[in-house]
S.K.: 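One structure follows; several queries about it will come next.
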Amino acid sequence: MPADPLRPRFYLTTAIAYANNQPGLHTLYEVIAADVIARWHRMLGDDTRFLTGTDEHSVNIAMKAAEEGRAPRDFVDEKVALFKAAEDALSISPDRFIRTTDPDHIRASQELVRRAYANGDIYIGTYEGWYCPNEGFRNATDVQETARGTICPNHPDVPLQWLTEKNWFFKLSAYQTRLEQHFLDNPTFVQPDYRRNEMLGFIRQGLEDFSISRAGAGWGIPFPIAENGETAQREDGSWDPEAGTIYVWYDALINYVTGAGFPDDLKSFARWWPADLHVIGKDILRFHTIFWPAMLWSAGLEAPRKVWAHGWLLAAGGERMSKSRGNFLDPGDFVAAFGSDGARYVVLREVPFDKDAEVSWDGFVRRYNADLANDFGNLVNRTVSMANRYLGGERPDPSPAADADATWSWTSRVPMLQSSLDDCLLHEALGVIWSVVGDANRFVDAEKPWELAKAAKTGDEAATARLQVVLGDLVEVCRLIGLAAAPFLPETAPRVLAQLGYAWPYAADGNGGPPLLDQLRWGAHSGEKGMLTQAEPLFPRLDTETAPN
RNA sequence: GGCGGAGUAGCUCAGUGGUAGAGCAGGGGACUCAUAAGCCCUUGGUCGGUGGUUCAAAUCCGCCCUCCGCUACCA
């Protein structure tokens, strides 16, 4: 993808998934949403870079691998394959799937540590906390006080030890003032607003330094600096295990700059950084909006432009979905039932992107049937059928743009769609598109093309003309809806346009076509001849009894 | 405890002073181009409770109840 300096660029990322297990739909939810935003920007004509990936280091993963008698690398390779397969099944289109085990990421992570050191922001301190022999250090919030002492809930029989370890620390405290000012100067840096307020409150409580290394050569990136401040790399290129490994945030977060080209390709990095958007879950907000900017500043880099914290899919009763609770939805089952586009649609429509929402299989089926099968799919089907039957399949032109707005209000819908997407309110964007679907179905019943066709057959010229315009408008509305919905329904949109006799001008990932906003003008293809194809149902209706469990 | 948010029809929610709304679900009807889809009509709510301000409050103020988020090192 050649970088065109004249084209606006858009770089967005999802959080990288922890590669300790199979992926759940609640994890993919964020990736689906980000994929929609990426496709939207590609179709607009922006030079877009979309990054997804996996977080693969940690003692937990090394131990899980050991339990299975496998090498960590072998273990994560298998999990990564599952994540990639799930992304493929959902038509996710990352420009790069980054792995924290990638060599360039390891270099990036180490380079950021070096820069922090050079800037005087890291120092050796002591980290202490409850240590579970099976899982490593545990948070205070993860342990339980019992009559027999403090235990880790996952291994109640294994006594926890209070351990002290010599670690490197990052001087987050030094960035408190700058962070607060950054929040005040950039009101949309963290969105939604209530999340921003939470983070601002957190900053104002005072910031503590955090540890960025762990002792020993575990399953992680070698810490590049020895205790004496010299490089920890030996002459043969290997790393001194005494220096320890990089811990969590100086590994995981760094993927965003690695994915932009840091540090190997600084020209690319200059093109893509700072990221326009990090899409993340609310559980890691603090790390992305407080730790991360400070880490970047310490390295002389800019903070990302926007961090968006989405809500969660909640299981019945408002419980958070998780693999450990066993109440998660399997992406394979989901795609098998709803199809790739159906799956994308129902999760994005049922859950407002700025809030949590309870979801259920029945709710998804209802939503699929109501919105996709009955309203949209059937609209295209009846439109194409009628145009074929009454006009011999020759595509009719829509009414002139000046007249059309009285019926369709299309010129005001496009800005609504744009602002919803710019504000990451994906459910709202779908609401805008589907309000047109509703208008179109009502339009059919109001105009009764079948009656116009009967009258036309008897030689009624007014009816003949009206039939052309009515079906022309319907075909045009289907084209516009198909294009507007394309970022959400990338498999279906080309099928819609094909049935209307239009070629699909975009690549499979949304790149390469004409600017979407040009295509979204009413009557953009008026006067072009075209033949409709046979009407083919886009979204077969589902039985309510399709639930797998 | 502190800071913030929310309680409106069976469900999800919109509605920030002027006679209670949408979508879905439920009931009825007319039609037939269509995926027995679509369209029209309709059932349904003392707008968490209470006291106040006002000619008028879901909407403003006080108090109370319930729920949720954040309150540091898990990916």
Side-chain angles (χ1 to χ4, degrees), chain A residues 15-21 27 54-61 100 127 129 135-142 167 169-170 172 192-212 247-249 251-253 255 280-287 290-291 309 311 314 318 349-352 355-360 362-363 366-367 369-390 427 431 434-435 437-438 440-453 470-471 474 535-542:
Chain A
I16 46 177
Y18 195 41
N20 68 334
N21 212 326
T27 310
T54 41
D55 185 9
E56 304 180 22
H57 294 125
S58 84
V59 289
N60 288 302
I61 284 178
T100 55
Y127 177 80
E135 294 200 48
F137 280 101
R138 303 304 316 261
N139 296 338
T141 48
D142 285 338
N167 284 162
F169 280 74
F170 177 78
L172 183 64
D193 280 332
Y194 71 99
R195 295 293 176 198
R196 170 178 181 270
N197 292 339
E198 287 176 2
M199 291 304 104
L200 201 45
F202 184 86
I203 293 169
R204 286 172 173 159
Q205 283 178 20
L207 298 176
E208 297 169 13
D209 300 343
F210 63 93
S211 64
I212 65 164
Y247 180 62
V248 187
W249 303 115
D251 179 348
L253 291 169
N255 89 85
I280 61 162
K282 61 187 181 181
D283 51 335
I284 48 177
L285 230 204
R286 185 195 313 143
F287 309 114
I290 297 175
F291 288 25
L314 302 176
R349 191 72 171 105
E350 285 289 277
V351 186
K355 294 176 192 164
D356 299 346
E358 261 183 57
V359 297
S360 68
D362 281 357
R366 265 201 303 278
R367 178 63 81 173
N369 280 335
D371 289 9
L372 294 179
N374 297 351
D375 288 345
F376 179 47
N378 187 51
L379 170 68
V380 174
N381 200 246
R382 67 202 304 211
T383 297
V384 172
S385 292
M386 287 191 286
N388 274 318
R389 178 178 300 204
Y390 303 145
H427 58 292
W434 255 257
S435 70
V437 174
N441 276 315
R442 282 184 287 275
F443 181 76
V444 174
D445 285 85
E447 296 292 341
K448 298 182 173 49
W450 50 93
E451 290 186 2
L452 291 171
V470 166
L471 291 177
L474 284 170
E536 298 283 352
L538 300 168
F539 297 101
R541 263 184 76 84
L542 298 177

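Keep in mind that the numbers below use all heavy atoms, side chains included, and drop hydrogens, waters and symmetry copies. By convention in this document, chain letters (A, B, ...) are assigned in the order of the sequence lines, proteins followed by strands, and residues within each chain are numbered from 1. Just so it is clear, the model here is predicted, and its values are computed rather than measured.
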S.K.: Checking all strands, does A:Gly206 fall into the base, sugar-phosphate, or nothing category for heavy-atom contacts under 4.0 angstrom?
M.R.: base

S.K.: Considering just the side-chain nitrogens and oxygens of A:Asn441, establish if one lies under 4.0 Å of OP1 or OP2 belonging to B:C39.
M.R.: no

S.K.: Can you identify which nucleotide, out of B:C73, B:A34, B:A72, has its nearest atom closest to the A:Leu172 side chain?
M.R.: B:A72

S.K.: Looking across every strand, which nucleic acid part, if any, lies under 4.0 Å from A:Leu285 by heavy atom: base, sugar-phosphate, or nothing?
M.R.: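 Here A:Leu285 touches no strand at all.
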
S.K.: Any base atoms under 4.0 Å from A:Gly377, or only sugar-phosphate, or nothing? Heavy atoms, all strands.
M.R.: base

S.K.: Of the candidate nucleotides B:C40, B:G38, B:C73, which contains the atom at the shortest distance from the side chain of A:Asp375?
M.R.: B:G38

S.K.: Looking only at N and O atoms, is any donor in the side chain of A:Asp55 or the base of B:A75 less than 3.5 Å from an acceptor on the other one?
M.R.: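 By the distance-only test, no, there is no pair.
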
S.K.: Remember a base hit wins even if backbone is also touched, and classify A:Ile16 as base, sugar-phosphate or nothing at under 4.0 Å, heavy atoms.
M.R.: nothing

S.K.: Looking at the base of B:G38, is there any donor atom on it, or on the side chain of A:Asp445, that sits under 3.5 Å from an acceptor on the other one?
M.R.: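 Result: at least one qualifying N/O pair found.
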
S.K.: Considering every strand and a 4.0 Å limit on heavy-atom distances, what is the contact class for A:Tyr390: base, sugar-phosphate, or nothing?
M.R.: sugar-phosphate

S.K.: Base, sugar-phosphate or nothing for A:Val248? Non-hydrogen atoms, less than 4.0 Å.
M.R.: sugar-phosphate

S.K.: Let's test your reading of the model: under 3.5 Å, does the base of B:C73 pair with the side chain of A:Ser211 as donor and acceptor?
M.R.: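 Pair found.
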
S.K.: Ignoring hydrogens and geometry, is there a side-chain-to-backbone donor-acceptor pair from A:Asp209 to A:Leu172 under 3.5 Å?
M.R.: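 Checked: pair present.
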
S.K.: Could you let me know what B:C39 is paired to, Watson-Crick or G-U wobble, both distances under 3.5 Å, or none if it's on its own?
M.R.: B:G29

S.K.: Base, sugar-phosphate alone, or nothing: which one does A:Arg541 contact when heavy atoms must sit under 4.0 Å apart?
M.R.: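 Base: the residue A:Arg541, judged by heavy atoms under 4.0 Å, touches a nucleobase.
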
S.K.: Output the rounded distance in Å from OH (A:Tyr127) to P (B:A72).
M.R.: 13 Å

S.K.: Under 4.0 angstrom, heavy atoms only, what part of the nucleic acid is A:Arg367 near: base, sugar-phosphate, or nothing?
M.R.: nothing

S.K.: Would you call A:Trp434 and A:Asp371 a side-chain contact if the rule is heavy atoms closer than 4.5 Å?
M.R.: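 They are in contact (side-chain heavy atoms under 4.5 Å apart), so the answer is yes.
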
S.K.: Generate the contact string for nucleotides 1-11 of chain B. Rules: B means base contact, S means sugar-phosphate contact only, - means no protein heavy atom under 4.0 Å.
M.R.: -----------

